[in-house]
Amino acid sequence: MDDSIPNFVIANEEFKSSTEIDIAPGERRKIIQPNSLKNPKLEELMTFLIDWINATLKQDHIVVQSLEEDLYDGLVLHHLLAHLGNIKLNVEEIALSTKAQKQKLTVILESVNQLLQITGDDNLNWNTELIHKKDLISTLHLLVAIVKHFQPEIPLPKNVCVETLTLEIEKTGIKTVKDLEYITEKSDDTDQSQIPEADGISDLFKLGPDKVKIVQQAMLHFANKHLGGLGVIVKDLSTQFSNGVILILLIGQLEDYYIPLSEYFLKPSDQMEKLHNVTFVLELLKERGLLKHPVNPEDIVNLDIKAITRILHCLFAKYKDK
């Protein structure tokens with residue numbers, strides 16, 4: 001990339017951390033949405049690939065802990081090709097400078113593409129720039145392709161699908177496109193519960209406080225309608241649901257069963273007891289296939305209104321007609 005062209009650093013608002021994306025004008029970058037990073041199927045694949053690499057390179061005393069951080073300089077990929085295909089490449093063993101790392105990666109990827117019979121624009125999943133920028137999607141696609149070529153008998157986790165966000169700098173602003181992308185083979189017996197859905201709650205909170213308030217009023221009415229028989233009245237979504245008790249009572253009412261008091265703290269006295277209750281709520285929702293997007297129990301306890309709205313919407317979507 002021409003160093004004379006300024007890059008833009010874009011902060012992804014959906015990340016709670018300070019994650020930023022380095023992107024140049026006219027460049028298109030694809031990232032994994034934060035909710036997909038906690039997808040159990042994706043975590044399974046990443047763990048699988050790390051274990052596979054470490055087992056393959058054990059005699060070289062190479063230990064990989066992070067796919068993004070440990071593969072971008074080409075060292076691990078170089079050793080993988082040497083072990084799996086006895087491929088000898090005319091590259092440095094250890095490339096320290098950015099220029100040397102990119103040169104090494106270019107040679108390695110050209111070799112991989114030749115093995116896979118990929119030519120020209122056919123290769124849309126990885127390139128030197130993306131791998132060197134520690135792009136997780138490209139790194140996963142590359143590793144999956146290498147495994148399937150050299151060791152096709154290894155049973156890779158199937159149906160690993162992630163929600164992606166494509167960013168592009170245009171003259172009129174930043175263009176974003178959401179999509180679903182399969183990293184591994186899609187089989188007919190896809191577990192639909194593992195495929196991330198469009199996150200309507202995140203989109204809702206981008207529309208402004210007035211729209212959010214309307215939805216929250218509907219959630220409030222829904223909760224009070226089903227909790228009325230217990231003499232429970234909810235007036236504040238953020239505070240009254242934060243210890244998990246009313247959520248547990250609401251699930252019991254909606255599911256028509258009694259949840260034993262031994263399972264939760266009816267009057268939680270500290271942070272740990274509140275976390276226990278909220279974690280129990282999330283487990284109940286997961287068991288019933290209602291929780292489509294990961295929720296951190298600490299967010300609920302810490303009065304995160306977005307997380308609380310997401311949980312209530314899970315219940316509302318299924319039981320609104322009850």
Side-chain angles (χ1 to χ4, degrees), residues 1-10 19-32 45-46 49-50 52-54 56-57 59-152 154 156 162 164-169 181-184:
M1 183 179 299
D2 188 343
D3 292 336
S4 65
I5 300 177
N7 282 19
F8 290 82
V9 178
I10 301 172
T19 301
E20 296 177 336
I21 304 154
D22 187 13
I23 181 171
E27 181 186 2
R28 183 178 297 173
R29 288 292 303 280
K30 186 190 297 180
I31 62 171
I32 298 178
L45 175 63
M46 293 174 68
L49 290 172
I50 289 174
W52 173 76
I53 293 171
N54 289 336
T56 303
L57 303 182
Q59 66 187 73
D60 289 352
H61 305 291
I62 292 177
V63 177
V64 169
Q65 295 180 320
S66 166
L67 296 180
E68 304 103 301
E69 296 296 330
D70 294 340
L71 274 75
Y72 78 97
D73 62 356
L75 175 65
V76 172
L77 293 170
H78 181 193
H79 280 254
L80 279 176
L81 292 182
H83 276 277
L84 296 170
N86 195 27
I87 298 171
K88 300 185 186 300
L89 301 175
N90 185 23
V91 294
E92 300 178 42
E93 173 66 17
I94 299 178
L96 297 178
S97 69
T98 296
K99 181 179 180 181
Q101 290 168 355
K102 289 185 177 181
Q103 288 176 342
K104 182 174 182 176
L105 277 173
T106 299
V107 174
I108 291 171
L109 295 183
E110 285 176 351
S111 178
V112 171
N113 293 346
Q114 289 175 4
L115 289 169
L116 301 179
Q117 297 182 337
I118 296 174
T119 58
D121 294 334
D122 290 338
N123 177 17
L124 301 177
N125 290 325
W126 60 78
N127 59 43
T128 298
E129 288 293 332
L130 289 174
I131 298 299
H132 193 264
K133 285 182 176 180
K134 306 176 184 179
D135 184 276
L136 181 57
I137 299 177
S138 297
T139 302
L140 288 171
H141 276 303
L142 175 61
L143 288 173
V144 167
I146 291 174
V147 172
K148 291 172 67 176
H149 177 78
F150 287 106
Q151 297 180 327
I154 291 181
L156 282 165
V162 295
T164 63
L165 181 68
T166 301
L167 304 169
E168 186 173 3
I169 303 291
E181 182 168 338
Y182 277 87
I183 305 296
T184 62

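Computed from heavy atoms alone, side chains included, the values below leave out hydrogens, waters and symmetry copies.
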Inter-residue atom distance [X].[atom1] - [Y].[atom2], 0.5 Å rounding:
X      : Y      : atom1 : atom2 : value
Ile87  : Phe150 : CD1   : CZ    : 4.0 Å
His141 : Thr184 : NE2   : OG1   : 9.5 Å
Leu136 : Ile31  : CG    : CD1   : 11.0 Å
Leu71  : His132 : CG    : NE2   : 12.0 Å
Thr128 : Gln101 : OG1   : CD    : 12.0 Å
Ile131 : Ile108 : CD1   : CD1   : 10.0 Å

statement: Test salt bridge (charged side-chain N to carboxylate O under 4.0 Å, His left out), reference Lys134, set Glu129, Glu69, Glu68, output is Glu69
- request: List the steps, then state whether side-chain contact (heavy atoms from CB on, under 4.5 Å) holds for Trp126 with Asn113.
  value: CA-CA 10 Å; Trp126 60 78; Asn113 293 346; 3.2 Å; yes
- request: Show the numbers, then the answer: is there a side-chain contact (heavy atoms from CB on, under 4.5 Å) between Trp52 and Ile146?
  value: CA-CA 11 Å; Trp52 173 76; Ile146 291 174; 4.1 Å; yes
Lys99: partners by side-chain contact (heavy atoms from CB on, under 4.5 Å), with sequence neighbours left out: Ser97, Gln103
Between [options], which is the residue that forms a side-chain contact (heavy atoms from CB on, under 4.5 Å) with [X]?
X      : options                       : value
Ile183 : Asn125, Ile32, Val144, Leu156 : Val144
Leu130 : Leu105, Asp135, Thr139        : Asp135
Ile53  : Leu67, Val63, Asp70           : Leu67

- prompt: Are side-chain heavy atoms of Val64 and Leu57 found at a separation under 4.5 Å?
  reply: no
- prompt: Does the side chain of Leu109 come within less than 4.5 Å of Leu142's, by heavy atoms?
  reply: yes
Could you pull out every donor-acceptor pair under 3.5 Å between side chains of residues 74-84 and any protein atom, sequence neighbours left out?
unit_1	atom_1	unit_2	atom_2	d
His79	ND1	Asp60	OD2	2.7
His79	NE2	Glu93	OE2	2.6
His83	NE2	Asp60	OD1	3.2
His83	NE2	Asp60	OD2	2.6

- request: Specify the closest pair of heavy atoms between Lys104 and Asp73, including all atoms of both residues, with the distance to one decimal.
  value: CD-O, 3.9 Å
